[in-house]
Student: 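Right, I'll just put the structure down here and ask away after.
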Number of protein chains: 2
Amino acid sequence: MANIQQVAKHAGVSVATVSRVLNGQNTVSSKTKLKVEEAIKELNYEPSMLGRNLRNSESRIVLILIPTISNPFYLEIIKGIENVAISHNYNILLCETDSDPEKENIYFDLVRKKMADGIISMDPAVNVETLKQLAEKYAIIQCSEYGGGIGIPYVTIDNEEASYRAVKHLLQIGHTKIALMNTDEKFLYARERKMGYERALREHGIEMNNNYIFYTKDLGFENGQQAMKKILKLKERPTAVFAVSDLLAIGALKEINASGLNVPRDMAVVGFDKIDFSNMTNPTLTTVAQPMYKMGTTAAKMLIEKIQGNKVDSVILDFELVIRESTAG
Amino acid sequence: MANIQQVAKHAGVSVATVSRVLNGQNTVSSKTKLKVEEAIKELNYEPSMLGRNLRNSESRIVLILIPTISNPFYLEIIKGIENVAISHNYNILLCETDSDPEKENIYFDLVRKKMADGIISMDPAVNVETLKQLAEKYAIIQCSEYGGGIGIPYVTIDNEEASYRAVKHLLQIGHTKIALMNTDEKFLYARERKMGYERALREHGIEMNNNYIFYTKDLGFENGQQAMKKILKLKERPTAVFAVSDLLAIGALKEINASGLNVPRDMAVVGFDKIDFSNMTNPTLTTVAQPMYKMGTTAAKMLIEKIQGNKVDSVILDFELVIRESTAG
DNA sequence: TATGAAAATGTAAACGATTTCATTTTAGAT
DNA sequence: ATCTAAAATGAAATCGTTTACATTTTCATA
């Protein structure tokens, strides 16, 4: 495998000149440039990123931290990140943390060891303290979920408002007994979405009923099924349920169907995220569309700015309520 | 940010000694080892992968080539790859090719430029010629889909047999008019699965009916919907359909439901892959389970062997037919 | 033709580790 | 106390780039 020295020798110039050709600098005469390019071709030379990266003290790699790859919610975001990254000559390392601090730390080590130039964190369970510390020395952006007030830039939507609108939609089509399928309130988004739920009810003069609020451990399909099982057992059964993730909602849907009830006639369902599958279910799912692709591109741009040493501000993007069959009474 | 020189100075030893401590070599006296470890702690030193990688001529990164991140089929495989990779101190770069040779080439360049030590290709649309050429100089393994006879090791299942069994199951529960929802036969797995379909029919003395064979451009949900629309319009409508991917099958399911017909009473459906969502649909989907996680770990182990310069043989793993509601007559 | 600024090229020092080979230290045997 | 082999350590080369600085070449102008 040829290196820059051999190319230089073969072309009869210095390595500096070869490097200049490689990097498209204009201080090379077209004659020597030609010679060099010929040598490159003849030797089948490919510049090594290893040497370049060391010299430039960069890895051209950014980390994406997600709790699990199994939730399609992240896929669209990742695509957004990737496209921006690629176009800026960065590559992305996808890191599944399983919300495990141990695994998380392995990935944090990658940036400490210069294997990565920055991090986009999408893990709601991330250790905020560690993240904060890390952010003092390295470029970090939070995406979708964020720790507030720790000074790390984030991109997200207005979760309270989104939740408010979703529930308001249910109220407007006549529901009054509305269950909330939420996750652990240690997550900021869970608290915010609950607040939106409360505000909507309050606004319609409906009293909060704690029996209608269910907490699940994760955002997965099975959690939705289990929670719905409990809901269906309630003496005063609600007529609608708002789930804070599509996967939960799809689990709920399945359980309702299995119980012989009809969606939306007997029970309306609203999800959150607008993952691809929310359109594949029967009936299709009403859901809050997060601008996932945009979130990804935005986060990536912010990170690259940060890596370049610039100051960046947090961003709050718009969402959209998508009404489909599961509430189309 | 401290480097190894400063640690050496601070500990009053040479860089060689520090390096030895770092790499856990046993030729360091416990006394100096202690000194060095102290210095490392005091200076908050983290060894740079950039320097190490250059010196070792390796990147400790492997590439995974997938056509699209949107098909959950790949997720489980990726998990398998990742776990093995991590435990061998490799990191994975997930590369979505969109089956676009242009994008593909960008990723191939990463290994040419030493940014990656090897490739696991899962893209059926990969340019076999390029791959073959690349495999002469770099470590490459094919996973799930493979170009036969090009000398690149692969891990896969027996697609012909798997398809045969799926169709045989439909025959056994009484179906005789069975449609095949296939993809482009330029893909090896498409040809193989069609052969299995034919063999099963032949064995039951049923004549192949080309009107019952449908080709889709991709393996996505929408393709399944569209194909099913055509199937439902047939004058002599089949009573069962075998789709070569779960996403296709789920699209078919949705379309059948929408048309007012019942699965499995009016139309039985069998998918392929056993993605998570195949269990979330209504009804749940009968499907061929590929050992995705195992495929991932196997491919990763093979790749690492290959990177280390060893010869590796191709592997064919077992599959399993999972019978669920969509054929439970 | 001589001059000097601008353009082109080269030299050599980084970047931060690992490792070979040489040298020093240690410790056990006499 | 002396010797010797083994253990511990260090000096310096190396991996493959980029780039600051020094030097040479070019060429329009006087």
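From a predicted model like this one, the values you see are computed outputs, not experimental measurements. Per chain, numbering begins at 1; letters A, B, ... match sequence-line order.
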Student: Whole-Å distance between dG16(C) C1' and Lys114(A) NZ?
Tutor: 9 Å
Student: Describe the nucleic acid contact of Ser29(B) in one word from base, sugar-phosphate, nothing, applying a heavy-atom distance below 4.0 Å.
Tutor: sugar-phosphate
Student: Between the protein and nucleotides 26-28 of chain C, which nitrogen or oxygen pairs come in under 3.5 angstrom?
Tutor:
none

Student: What N/O pairs connect the protein and nucleotides 11-15 of chain C at under 3.5 Å? Give each pair on its own line.
Tutor:
unit_1	atom_1	unit_2	atom_2	d
dA14(C)	N3	Arg55(A)	NH1	3.1
dC15(C)	O2	Arg55(A)	N	3.4

Student: Would you say the side-chain atoms of Glu76(B) pair up with the backbone N or O of Ile275(B), donor to acceptor, closer than 3.5 Å?
Tutor: no
Student: Which residue pairs satisfy the side-chain hydrogen bond (donor to acceptor under 3.5 Å, both in side chains) criterion with at least one member in residues 19-30 of chain A, sequence neighbours excluded?
Tutor: Ser19(A)-Asn23(A), Ser29(A)-Thr32(A)
Student: Could you check whether any side-chain heavy atom of Leu131(A) comes within less than 4.5 Å of a side-chain heavy atom of Gln142(A), counting everything from C-beta outward?
Tutor: yes
Student: Within the 4.0 Å heavy-atom criterion, would you say Asn23(A) contacts the bases, only the backbone, or no part of the nucleic acid?
Tutor: sugar-phosphate
Student: Side-chain contact, heavy-atom cut-off 4.5 Å: Pro47(B) with Leu22(B)?
Tutor: yes
Student: Let me see the working for Thr97(A) and Ile66(A) under side-chain contact (heavy atoms from CB on, under 4.5 Å), right down to the final yes or no.
Tutor: CA-CA 6 Å; Thr97(A) 64; Ile66(A) 53 174; over 6 Å; no
Student: Restricting to salt bridge (charged side-chain N to carboxylate O under 4.0 Å, His left out), what partner residues turn up for Glu96(B), sequence neighbours left out?
Tutor: Lys79(A)
Student: Checking all strands, does Val18(B) fall into the base, sugar-phosphate, or nothing category for heavy-atom contacts under 4.0 angstrom?
Tutor: nothing
Student: Sequence neighbours excluded, which residues qualify as side-chain contact (heavy atoms from CB on, under 4.5 Å) partners of Glu46(B)?
Tutor: Asp109(A), Arg112(A), Lys113(A)
Student: Output every pair passing side-chain hydrogen bond (donor to acceptor under 3.5 Å, both in side chains) with a member in residues 301-310 of chain B, not counting sequence neighbours, ordered by first then second residue.
Tutor: Glu305(B)-Asn310(B)
Student: side-chain hydrogen bond (donor to acceptor under 3.5 Å, both in side chains) with Asp117(B): which residues, sequence neighbours excluded?
Tutor: Ser59(B)
Student: Tell me whether Asn3(B) contacts the main-chain N or O of Gln6(B) through its side chain, where contact means a donor paired with an acceptor under 3.5 Å.
Tutor: yes
Student: Which residue pairs pass the ring pair (Phe, Tyr, Trp, His ring centres under 6.0 Å) test with at least one member in residues 98-146 of chain A, sequence neighbours excluded?
Tutor: Tyr146(A)-Tyr154(A)
Student: Using the salt bridge (Lys or Arg N to Asp or Glu O under 4.0 Å) rule, collect all pairs that involve residues 130-151 of chain B, keeping only residues at least two apart or in two chains.
Tutor: none
Student: Round to the nearest Å and state the distance from Gln25(A) atom CD to dT9(C) atom C1'.
Tutor: 12 Å
Student: If you walk 5' to 3' along DNA chain D, what is the first nucleotide with an atom under 4.0 Å of a heavy atom in chain B, and what is the last?
Tutor: dA8(D) to dG16(D)
Student: Can you tell me which residue pairs pass the ring pair (Phe, Tyr, Trp, His ring centres under 6.0 Å) test with a partner in residues 52-94 of chain B, sequence neighbours excluded?
Tutor: none
Student: Nearest whole Å is fine: how far is dA7(C) P from Lys33(A) NZ?
Tutor: 17 Å
Student: Would you say Pro153(A) and Asp313(A) make side-chain contact, with heavy atoms under 4.5 Å?
Tutor: no
Student: Remember a base hit wins even if backbone is also touched, and classify Ile4(B) as base, sugar-phosphate or nothing at under 4.0 Å, heavy atoms.
Tutor: base
Student: Give Glu58(A) one of three labels, base, sugar-phosphate or nothing, depending on what nucleic acid heavy atoms sit under 4.0 Å from its own.
Tutor: nothing
Student: Roughly what angle, to 10°, lies between the helix axis at the start of the helix from dT1(C)-dA30(D) to dT30(C)-dA1(D) and the one at its end, five pairs per end?
Tutor: 50°
Student: Mind checking if Ser48(A) touches a base, just sugar-phosphate, or nothing, with heavy atoms under 4.0 Å?
Tutor: sugar-phosphate
